[in-house]
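Okay, so here's the structure we're looking at.
None of the values given here were measured: they were computed from a predicted structure.
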Amino acid sequence: MVEADADADADADAGPIPVTRSVDCGTAKLMPDVDRPRAWLLTVDGAPQSYVDLDAPTDLEFEYARRLAAVLDAAAAPAEPLDVLHLGGGALTLPRYLAATRPGSRQDVVEADRGLLALVAEELPLPPDCGITVRAADARTALEAAPEHSADVIVADVFGGSRVPAHLASVEYARAAARVLRPDGIYAANLADSAPFAFLRSQLANYASVFGHLCVIAEPAVLRGRRFGNIVVAASRVELPLAQVARRAAADVFPARVEHGAALRRLIGDTVPVHDAQAVPSPRPPDGAFSIG
């Protein structure tokens, strides 16, 4: 009995251990952060997907998550609750962030990978009464079924493997998002591309044909075509909070630039909106672009 207790104490002293599980889209792994007792990195097939600190949900490790958070923070007055539809869930980093920064928000999270949802629910449970509802469904199907004018913000962070699926890359999809948003709502998406930005240009052409106002947020090296990387796009029927978002992006530990107006019109050029029949997924990242270790 003494030996068993000693073994248990040794396990406790060792701290949390990695969890690996097969999920619908590959092999998911939760790896503990050795510097934080309840912080975890989620990877799927070796590509980082989410970072969550259960004790500090406002600490956002990934740059793209901080850029999406900047849009969420600027979407309304501080602490004002929002109705948000999240397309793509991962480890629920941004829903946890919003529940902490805007208590009382109603958040609907749609994630297609049931196995991943089960893993996250088991290992990284949500706090009670947080206002977050999680369900397994295809993002496009859920979007088209959502009530009209029911969301203040739509956050799209959907990757099949490491690519945005084609059925979320058409002008019909953009129109579906606009239908669900309230008249002053904001659509924000995490995309990935590199020069010559064929995919990004097509997405901007889609959103420009539906929303009157656009911006992109990305590191200068990505925007200059020097490397593959994440690009956050925000769109709305009304003026976007560009100054606030730009200040946040510029002050980040990895500063980003906000492009809008004439710069985006030049980037779009003669690119036309892409319909469902012609839509393609985002480009495959170069080897090692989003891998770790």
Side-chain angles (χ1 to χ4, degrees), residues 18 23 25-26 28-36 38-75 84 86-101 107 109 111 113 116 119-120 123-124 126 132 139 153-164 188-194 200 215-223 227-234 245-258 282 285-286 288-293:
V23 295
C25 293
K29 191 172 201 178
L30 282 171
M31 293 182 288
D33 186 333
V34 296
D35 296 320
R36 298 185 179 191
R38 296 216 305 155
W40 298 82
L41 172 68
L42 169 68
T43 67
V44 177
D45 289 342
Q49 298 290 324
S50 305
Y51 178 95
V52 170
D53 188 337
L54 298 179
D55 293 328
T58 60
D59 289 351
L60 302 177
E61 191 76 7
F62 292 170
E63 292 92 339
Y64 83 83
R66 294 196 295 272
R67 290 163 197 157
L68 288 170
V71 175
L72 286 169
D73 288 348
V84 180
H86 298 266
L87 303 178
L92 310 177
T93 303
L94 284 172
R96 297 173 202 266
Y97 174 88
L98 196 71
T101 57
Q107 302 188 74
V109 181
E111 169 61 56
D113 193 320
L116 183 58
L119 172 64
V120 171
E123 301 292 338
L124 308 175
L126 290 167
I132 301 171
V153 182
I154 296 173
V155 178
D157 186 15
V158 184
F159 283 78
S162 55
R163 307 175 75 184
V164 177
N190 178 34
L191 306 178
D193 202 359
S194 62
L200 176 62
C215 75
V216 300
I217 314 164
E219 286 186 45
V222 174
L223 292 174
R227 66 176 183 83
F228 189 95
N230 292 98
I231 301 168
V232 167
V233 176
V245 173
R247 283 194 298 271
R248 280 278 295 276
D252 193 81
V253 64
F254 292 101
R257 202 167 72 219
V258 176
S282 63
F290 293 138
S291 63
I292 60 170

Chi angles and distances behind the side chain to side chain contact (heavy atoms under 4.5 Å, CB included) call for T93, L60: CA-CA 8 Å; T93 303; L60 302 177; 3.6 Å; yes
Short side-chain to backbone donor-acceptor contact, Q107 and P95, under 3.5 Å: yes
Interatomic spacing from CG in L98 to CG in L72 - rounded to 0.5 Å: 5.5 Å
From CA spacing to verdict: side chain to side chain contact (heavy atoms under 4.5 Å, CB included), L124, L54: CA-CA 7 Å; L124 308 175; L54 298 179; 4.1 Å; yes
Partner residues of E111 under the side-chain hydrogen bond (donor to acceptor under 3.5 Å, both in side chains) criterion, sequence neighbours left out: none
Note, V71 side chain near V155 side chain (heavy atom, < 4.5 Å): no
Inter-residue atom distance N230.CG - I217.CD1, 0.5 Å rounding: 12.0 Å
Side chain proximity check, L191 to V164, heavy atoms < 4.5 angstrom: yes
Counterpart residues, side chain to side chain contact (heavy atoms under 4.5 Å, CB included), relative to P255 (two or more places apart): none
Side-chain heavy atoms of D157 within contact of Y64, under 4.5 Å: yes
E63: partners by salt bridge (Lys or Arg N to Asp or Glu O under 4.0 Å), with sequence neighbours left out: none
Nearest-0.5 Å distance that lies between atom CD1 in I132 and atom NE2 in H86: 7.0 Å
Sidechain-backbone polar pair: R36 side chain, D55 backbone, donor-acceptor under 3.5 Å: no
Least distance between heavy atoms, T43 atom then P48 atom: CG2-CA, 4.0 Å
Heavy-atom closest pair, residues D73 and Y97: OD2-OH, 2.6 Å
Atom pair CG/CZ of D59 and R66 - distance to nearest 0.5 Å: 10.0 Å
N/O donor-acceptor pair under 3.5 Å between D113 side chain and C25 backbone: yes
Shortest non-hydrogen contact between G88 and V158, atoms and distance: N-CG2, 3.7 Å
D45 side-chain N/O to G26 backbone N/O, donor-acceptor pair under 3.5 Å: no
Minimum-distance pair of heavy atoms, taken over all atoms of P220 and A256: CD-CA, 4.3 Å
Interatomic distance, F159 atom CZ to Q49 atom CD [nearest 0.5 angstrom]: 8.5 Å
Chi angles and distances behind the side chain to side chain contact (heavy atoms under 4.5 Å, CB included) call for L94, V84: CA-CA 10 Å; L94 284 172; V84 180; over 6 Å; no
Heavy-atom pair with the smallest gap, counting every atom of A218 and I231: CB-CG1, 4.0 Å
Test log, rule side chain to side chain contact (heavy atoms under 4.5 Å, CB included), inputs D53 and D33: CA-CA 9 Å; D53 188 337; D33 186 333; over 6 Å; no
Taking every non-hydrogen atom, the tightest pair across V109 and G89: CG1-CA, 3.7 Å
